[in-house]
Amino acid sequence: MTEAERSHFWHSDGRRLSGLSTLLLLLPFFAIIAFVFVYPILQLLVISILEPHPTLDNYARVVDNPVHMRVLMRTLWTATLVTALSVILGFPVAYYMSRAKGTVAALVAVCVILPLWSSVLVRTAAWSFLFQRNGLINSALMSLGLTSQPFKLLYTQSAVVIAMTHVLLPFMILPMYGALRSIPSDYGRAAAVLGATRLRAFLEVILPLSLPGVVSGSLLVFLTALGFFITPALLGSPQEMMISTLVSKQIREVLDWPFAAALVGVLTVFVTLLAIIFSKMLRFDRLMGNAS
């Protein structure tokens, strides 16, 4: 069977679907994507250019105002921190998941996937209770004698980074788990036979082969963190606003839709360029953790 034949859809009796049948099957999916994603984005881009009259002044406001640039840079920095922490915390979990068996593997998988079943709002609210002046963290620190007065944990960038890392960590672990799971265990044994220590085998064999999963997880977490709204809005302060909160403020309070649309346009262009760069660097199947 050729590669072209494998790429088509098949009937249960082995007959290949025609191009028209394939198109009809995919049409509802693309229609939904166009309606709920493409159309609203295009509408915002049109508003950012045509209102109040055809101009690029809305985009110039993003660049010229140092406050807006600081918000954009803070958003990029926060997304980078969240991505880095997710890699550091998620890789050991993904590696252990790929090597565990039986009940232990199932238990770890449940611990990773279970948070996805709860709302982001619920998880963020839980962190807000932990970060309060009289919350569990400050109470524990004061009980242990590590501090005489509570720290300011809530409404800080640190609170936003910690909570966003917790929310997005599963999206980092799962792609890395897929890449690590696809690495045959014989590779490690072969490296040991050739005289490599376990550390050297990991650094020179396992880690390079797992990089597609690391890259795909990092890309997913970074792009999601750029547009995160609930967590920065509840745990952050107005002085440390992120771009999603700024867009919401422009729409709900200032009622400046053209400028809010320009902010969305800048973020959309940046995300699109980043996705294109990564797609050129790595094939899509390797990004999904298929190292074959």
Side-chain angles (χ1 to χ4, degrees), residues 1-51 54 59 79 83 94 109 112-113 116-117 119-120 167-168 170-183 209-230 243-244 247 251 257-258 260-292:
M1 183 183 298
T2 65
E3 185 67 26
E5 290 174 331
R6 286 197 297 267
S7 64
H8 286 79
F9 289 93
W10 294 79
H11 284 294
S12 58
D13 58 0
R15 292 183 293 117
R16 189 174 64 196
L17 290 174
S18 64
L20 180 60
S21 299
T22 303
L23 179 61
L24 291 175
L25 286 174
L26 295 177
L27 187 60
F29 169 77
F30 287 115
I32 293 174
I33 292 297
F35 180 73
V36 303
F37 179 72
V38 178
Y39 176 73
I41 293 295
L42 291 178
Q43 281 289 96
L44 287 174
L45 294 179
V46 170
I47 291 174
S48 68
I49 296 175
L50 298 182
E51 293 188 11
Y59 290 93
T83 303
V112 172
I113 298 175
L116 296 176
W117 297 352
S119 170
V120 176
V167 173
L168 296 176
F171 298 102
M172 178 67 73
I173 293 176
L174 295 178
M176 292 193 297
Y177 166 75
L180 289 166
R181 187 72 175 176
S182 66
I183 301 175
L209 292 176
S210 67
L211 285 182
V214 176
V215 173
S216 61
S218 300
L219 183 62
L220 181 60
V221 170
F222 183 80
L223 296 183
T224 306
L226 286 178
F228 231 60
F229 172 72
I230 294 178
I243 193 168
S244 57
V247 171
I251 293 176
W257 277 83
L263 291 171
V264 173
V266 171
L267 188 60
T268 301
V269 170
F270 179 80
V271 168
T272 302
L273 290 177
L274 188 63
I276 292 174
I277 292 173
F278 274 94
S279 66
K280 296 297 183 180
M281 294 173 56
L282 291 172
R283 299 197 323 266
F284 180 80
D285 58 342
R286 289 187 63 82
L287 281 176
M288 292 299 103
N290 183 7
S292 59

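On a predicted model such as this, the values are computed, not experimentally measured, just so you know.
Closest heavy-atom contact between P170 and P175: O-CD, 4.4 Å. Residues M172 and T83 share a closest heavy-atom pair of CE-O, 3.8 Å. Considering every non-hydrogen atom in both S210 and I183, the closest pair reads N-CD1, 4.0 Å. Contact between G265 and Y59 at its shortest, heavy atoms only, is CA-OH, 4.0 Å.
Looking at heavy atoms from C-beta onward, W257 lies in side-chain contact with L44 at the 4.5 angstrom threshold. You'll find the side chain of F222 reaches within 4.5 Å of the side chain of L274, heavy atoms only. Side-chain contact check for L45 versus I49: every heavy-atom pair is 4.5 Å or farther apart. Taking the side chain as every heavy atom from C-beta outward, L220 and L168 never approach each other to under 4.5 Å.
To the nearest 0.5 Å, atoms CG (L42) and CD1 (I47) are separated by 11.0 Å. Separating the CG atom in L23 from the CG atom in L26 is a distance of 7.0 Å, to the nearest 0.5 Å. Expressed to the nearest 0.5 Å, how far CZ of F270 lies from CG of L223 amounts to 8.5 Å. With values rounded to the nearest 0.5 angstrom, I251 atom CD1 is found 9.0 Å from L263 atom CG.
Judged purely by atom type and a 3.5 angstrom limit, S244 uses its side chain to pair as donor or acceptor with the backbone of F228.
By the neighbour-count criterion of 12 heavy atoms within 6.0 Å, atom CZ of F229 is densely surrounded, having more than that number from other residues, nucleotides or ligands.
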